[in-house]
Amino acid sequence: MTALRPVALRCEHQTAPMGLNRPHPRFDWALEGEGHERSQTAYRLMVRAGEAMLWDSGKVMSAQTRQVEYAGPALVSDQALDWTVMVWDEAGTPSDWAEAGHLFTGLMQQSDWQADWIARYFVLPAGREAPADNPYDNRWQARPADHFRRDFSTPDKPVRATAYVTALGLYELYLNGARVGDAVMAPGWTDYHQRVEYQSYDVTDLVRSGANALGALLGEGWYSGRVGHNQRRAGNHYGGRPALLCQLHLEYADGRIERILSDADWRTVQGPVCYSDFLMGELYDAQLEMPGWAQPGFDDARWQPVEVFTPEPRAPRLEAARAPQVRETVRFPARFLHRARTGGHVHDLGQNIAGYVQLEVQARSGDRFTLRHGEMLDAQGELYVANLRHAVAVDHYIARGHGCERFKPRFTFHGFQFVELTLPDGVSPDDVTLTGIAIHNDLNIAGSLRTGSDMVNKLIANIEWSQRDNFLSVPTDCPQRDERLGWSADAQVFWKTAGYGMDVSAFLEKWFEDIAEAQLPDGAFTDIAPSRPLNPYRQSAQPGAPGWGDAPVILAWQHWLRYGDRALVERHFDRLVAWLRHIADANPDHLRVNAVYNNYGDWLSVGPASDRTMVATAYWVHVADLMAKLSAVVARSELARYYEDQARAVRQAFIKAFVDDDGRITGDTQTAYLLALDFAVLPTDLHAKAAGHLLRKLEEANGHLQTGFLGVKHLCPVLSDIGAPERAYDLLLNQSYPSWGFSIAQGATTIWERWDGWTQDKGFQSVNMNSFNHYAYGAVGEWLYARVAGIDWDETDPGYSTIAMRPLFDPRLGWLEAHYDAPTGRVESTWRIEGSLVTWTFSIPPNCAGRIALPRPVLTLIAGDRPLPVPGASFTLGSGRYTITLSL
Ligand code: BGC
C-alpha cells in the first residue's frame with residue numbers, strides 16, 4: 001500500500017492567506033491515497049519563518065485534519081511563513097511532507113499601523129495653488145480617480161519587501177510603474193465606518209536598490225460612489241472622497257526594517273480616469289495620461305500636496321482580508337451581431353457576466369468610443385436596459401492617438417451579456433477588438449457535475465455563472481441594476497448550492513463579519529449586509545424580514561455541517577441568540593405575526609401567494625431547531641433545551657393556527673407544504689397528509705412549480721424525501737413555463753430573478769424588478785449534488801468526515817459524473833443506466849466514511865477489483881473506490 005498524501009493545504013480557510021487576524025491560526029488539509037479503508041492515525045505539522053522553526057507539533061496521535069490550531073509562540077506581525085504537514089496511515093506508514101503552504105501574518109495590531117490616511121483635499125487650504133489638473137472634476141458628481149505618488153530610495157536591495165495597503169474606496173497600487181498584485185475592486189466592501197480590510201503583497205521583486213516610487217490610484221467604489229437603490233444623492237454612503245492607507249516594509253540583510261508610509265509627503269493629482277462609478281460606468285480620457293507617473297523621478301511639481309485625512313465618524317478597525325480577492329477570471333471574445341437603431345454595433349459575449357469589456361483599437365487622438373451594457377436584447381434586437389433602473393452602465397474611452405490602445409475600466413463593473421459599441425466617424429468595427437472579462441472573488445472551484453441531459457448541464461452552468469457574477473466582495477442579489485446588495489435570504493437559500501460550486505468558507509467568514517457589524521442594537525439582523533441606510537426612504541438600516549434576518553442562523557449551521565468549523569459558530573453565537581430573543585419578544589404567542597419591519601413572504605412566487613405569517617412562523621420553527629443544534633455545538637446545553645422548548649411551542653402554535661385535521665395548511669400553496677415538511681413542523685400523521693397535499697398541488701399546477709425565493713430550495717429535496725423523486729425529476733426536466741428549463745429554452749446563461757422574466761406572450765416582466773442574474777432559483781443545485789449525485793454532508797458527523805451518499809437514479813438523465821472537493825478530500829460519484837441496470841462508481845477520501853442508502857438492494861459490490869459480500873441497500877463503507885450495480 002502506498003503512503004497517504006496530505007494535499008490542499010489551507011490556513012484560515014485560504015490557500016495562501018495574505019494577513020491573519022489571529023495569532024494562533026488554524027490549519028486544514030485533505031488526504032489522498034490508494035486502496036480502501038485508509039485513515040490517518042497521526043500527523044506532524046511544522047511552521048517556519050524562513051529557516052527558523054516556529055512550531056513543530058511533533059507526532060500527534062490524531063485523525064484530525066481540520067482546524068488544527070497553531071500552538072507555537074504567538075505569531076507576530078509582518079512575518080512570511082511556510083507550513084507543511086505529514087501524516088501516518090492506519091499501518092503507521094509515514095507520508096512525505098506536503099508541498100508547503102505560504103502565508104503572511106500581516107499587521108496584526110492596530111498599533112502596527114503608523115501610516116496616515118491620505119486623501120485629495122476637497123478644498124485646498126489658503127495659499128496653496130490648485131492646478132487645473134482635470135477638466136471633469138466636480139465633487140458632487142462621480143469623481144475622477146485620484147493619483148497619489150511618492151519617491152523613496154533604498155541603500156540596498158531589501159531581502160524582503162511587503163506592501164500593506166487599503167483604501168476607503170478602491171485602490172490600485174503601483175511600485176516603480178508596475179501594478180502590485182492582480183486584485184480588482186480591492187479592498188472590497190465592508191462597513192467602512194467600522195472595519196476596513198487590508199491586503200498584503202510580497203513586492204520583494206519590485207523594489208530596487210536606489211531610486212524607487214510608490215503610486216496609487218483611488219476610485220470611489222462602495223465608499224463614496226453610487227451603491228444600492230438610486231436616489232438623487234445616490235453616492236457618498238460612507239464619505240465624500242476616497243482615502244489611501246499604505247505601509248511598505250523593507251527588510252534589509254542586516255535585519256533592519258524601514259517603513260515607507262502614506263503621509264503628508266505624498267502628492268496627488270487627477271488624470272485620465274475622469275470618473276468611475278459602479279452605477280454610472282467610467283469615462284477614461286487617454287489624452288490626460290501621465291506616462292511614468294508611478295516611476296521614480298517623475299516630475300510631480302504640479303501635483304497637489306495630500307491632506308492627512310481623519311476618517312469620520314471614527315477611524316475604522318484594520319483587519320486582514322479574510323477571503324481570496326476579486327480577480328479577473330474568464331474572458332469572452334465579443335461577437336458582432338448587428339447594428340442598432342442608434343447606429344451602435346451590438347455584440348454578444350455569449351454569457352451574462354459581472355465585469356467589463358476590454359477595448360483594443362488604433363485610433364486618432366480624441367476619438368471617442370462608447371460601450372453600453374445590457375443583459376438582454378428586445379424583440380427588435382436593441383439593447384434592453386430598462387431593467388437596470390438607474391444604473392447607467394456606460395463606459396467611454398477617448399483615444400490617445402498613438403500606438404495600439406487598450407482600455408478596460410478600473411473601478412466599475414456591469415452585469416451584462418450584450419455590449420453596444422458606438423464608434424467615432426471613420427472607424428470601422430473591424431478595427432476594434434472587444435473582450436468581455438468576468439470578475440469575482442477568486443474562490444477555489446469545488447465541484448463539477450455533468451449528466452446525460454444537455455438542459456441539465458446548461459442549468460448547472462447557469463447556476464455556476466450566477467454564483468460567479470454575484471460573489472463580488474459580498475454575496476449580492478444581482479450585479480446589474482442599481483442594487484447589487486448583500487441580500488441575506490438570497491444567499492441563505494442558495495448557500496448549500498454555492499458550497500458545491502466553490503469553497504465558500506473564507507468568503508462566509510468575511511461576510512459574517514459584515515452581518516455582525518450590521519446587527520442592530522435590539523438584536524435584529526438586517527435584510528442586507530453591509531447595511532448602511534442604502535435605501536433612500538429610510539434613515540436607518542432595515543431589520544431583517546422572516547427568511548432574511550434568519551439567514552445568519554442558517555448560514556452558521558451550514559458552515560458547521562460543510563466545514564466542521566466550530567469557531568465561526570462560537571464567534572457569532574451570542575448574536576444569533578440576540579436575534580432569536582428579538583423574534584420571541586415581538587411574538588409572545590409563538591405566531592410570528594410581527595415581522596418587525598418587513599415580511600416579503602415567499603418573495604416573487606408565481607401562482608397564489610403563501611400566507612406571510614405562516615411562512616414566517618415556519619421559519620421560526622426552523623431557526624429555533626437550528627439554534628438548539630448550534631447550542632449543542634458550542635456546548636451550551638441549557639440553551640439547547642430552551643430552544644427545543646421554543647420550537648415545540650412554535651410548532652403547536654403553527655398547527656393550531658394554520659393546519660386542519662386533514663393536514664391542509666392555510667393558503668394551500670406548494671410553499672406552505674414544502675416548508676412544513678422540510679422544517680418538520682408537523683407530527684407524523686399530519687406530515688403524511690401534507691405530503692399528499694403537496695403532490696396534489698403539483699398536479700393541479702400541471703406538474704409545475706409555483707414557488708418564490710423561499711419555497712424553491714425545498715422542492716426537489718422534499719419530493720425526494722416523501723418518496724416521489726420522479727416528481728422532482730419532472731420539475732428538473734420541465735421546459736414549459738414556469739421552470740428552470742423554460743429560461744434555458746429562452747437562451748438564459750444565468751439564473752433569472754423571475755420565472756417569467758421574459759415569456760413569449762408577455763415579453764419582459766416589470767422593469768422594477770427583473771434581473772436576469774439572481775441566483776436564488778439556482779438553489780436546485782444542492783439537490784443535484786447532494787441527492788442526484790449522492791454527495792451530501794452528514795449531520796451526525798459534520799465536515800464531510802462521513803458522507804451521506806443517497807444517489808437518485810433516473811433513466812431520463814441516463815448518466816451522471818460528479819465530484820466535490822470536500823474539506824477532507826475529493827468525493828467522486830459517477831453513474832450510468834443501461835436497460836434496467838444501474839452501475840454506480842464512487843470514491844470516498846481517506847479518513848472518511850460513506851453512509852450509503854440506495855433505493856434498492858445492491859446486486860454486486862466491488863472494491864477496486866475485489867468483489868465484496870452484498871450488503872443490502874443501506875450500509876457504511878470506508879475510504880476507497882467502489883462500483884455497485886443494482887436494478888432500476
Ligand atoms: C432584491 C432581492 C431581495 C428582495 C427582498 C430585491 O430588491 O433584489 O433579491 O431579496 O429585494 O424583497
Side-chain angles (χ1 to χ4, degrees), residues 189 226-231 234 278-279 352 354 375 386-391 393 414-415 462-463 466-467 469-495 497-498 511 514-515 518 524-538 541-552 554-555 595-606 609-610 612-613 615-616 619 671 707-713 743 750-757 764-779:
W189 189 7
R226 285 156 181 74
V227 175
H229 309 84
N230 188 278
Q231 28 186 320
F278 287 156
L279 300 188
N352 196 357
E375 291 182 290
N387 68 329
L388 305 186
R389 303 195 309 214
H390 290 94
H414 315 291
N462 291 2
I463 293 169
S466 277
Q467 177 170 6
D469 298 341
N470 283 294
F471 271 29
L472 215 153
S473 189
V474 305
T476 59
D477 56 340
C478 55
Q480 75 297 82
R481 68 182 178 220
D482 54 348
E483 191 137 4
R484 314 182 189 189
L485 304 172
W487 281 97
S488 47
D490 306 41
Q492 164 280 100
V493 300
F494 184 67
W495 210 251
T497 300
W511 193 45
D514 303 333
I515 291 173
F525 284 122
T526 49
D527 266 348
I528 53 177
S531 186
R532 301 284 306 152
L534 296 173
N535 182 326
Y537 308 109
R538 289 185 59 82
Q542 200 160 295
W548 274 253
D550 299 325
I554 296 163
L555 295 171
V596 191
Y597 166 71
N598 252 344
N599 186 344
Y600 308 114
D602 187 21
W603 180 245
L604 301 188
S605 63
V606 282
S610 296
R612 293 185 180 202
T613 307
V615 170
Y619 255 93
T671 293
T707 65
F709 276 30
L710 297 187
V712 65
K713 163 190 162 75
S743 66
T750 38
I751 302 293
W752 294 357
E753 179 178 27
R754 292 177 179 267
W755 299 113
D756 57 352
F764 288 107
Q765 247 282 7
S766 140
V767 297
N768 289 331
M769 197 69 76
N770 198 20
S771 139
F772 292 91
N773 209 349
H774 252 66
Y775 50 48
Y777 289 157

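Read the numbers this way: they start at 1 and go in the same order the structure lists the ligands and their atoms.
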**OP:** Please work out whether the ring planes of W548 and W603 are parallel, tilted or perpendicular, with thresholds of 30° and 60°.
**Re:** perpendicular
Subject >> Pair E375, N387: side-chain N/O donor-acceptor within cut-off below 3.5 Å >> reply: yes
Original post:
Which atoms of ligand 1 are found less than 4.0 Å from any heavy atom of E753?
Top reply: 8 (O)
Subject >> Distance from atom 7 (O) of ligand 1 to nearest protein heavy atom, with residue and atom >> reply: E483 OE2, 2.5 Å
**OP:** Report, in ascending order of atom number, the atoms of ligand 1 lying under 4.0 Å from any heavy atom of D477.
**Re:** 1 (C), 8 (O), 9 (O)
**OP:** Number the atoms of ligand 1 from 1 as they appear, then name those within less than 4.0 Å of a heavy atom of D490, with their elements.
**Re:** 2 (C), 3 (C), 9 (O), 10 (O)
**OP:** Determine the sole option in D490, D477, T671 for which the side chain to side chain contact (heavy atoms under 4.5 Å, CB included) test with F709 is passed.
**Re:** D490
**OP:** With heavy atoms only and a cut-off of under 4.0 Å, state how R481 meets ligand 1: side chain, backbone, both or neither.
**Re:** side chain
**OP:** Indicate yes or no for a side-chain donor-acceptor contact from T750 to the backbone of F772 under 3.5 Å, with no hydrogens or angles considered.
**Re:** yes
Original post:
What class does the angle between the rings of F494 and Y775 fall in, given that below 30° is parallel, 30 to 60° is tilted and above 60° is perpendicular?
Top reply: parallel
Subject >> Pick from W487, Y775, F709: the one approaching atom 3 (C) of ligand 1 most closely through a non-hydrogen atom >> reply: W487
**OP:** Find all atoms of ligand 1 within a distance of less than 4.0 Å from any non-hydrogen atom belonging to M769, and give their numbers and elements.
**Re:** 6 (C), 7 (O)
Original post:
CG of L388 to NE2 of H414: how many Å apart, nearest 0.5 Å?
Top reply: 10.0 Å
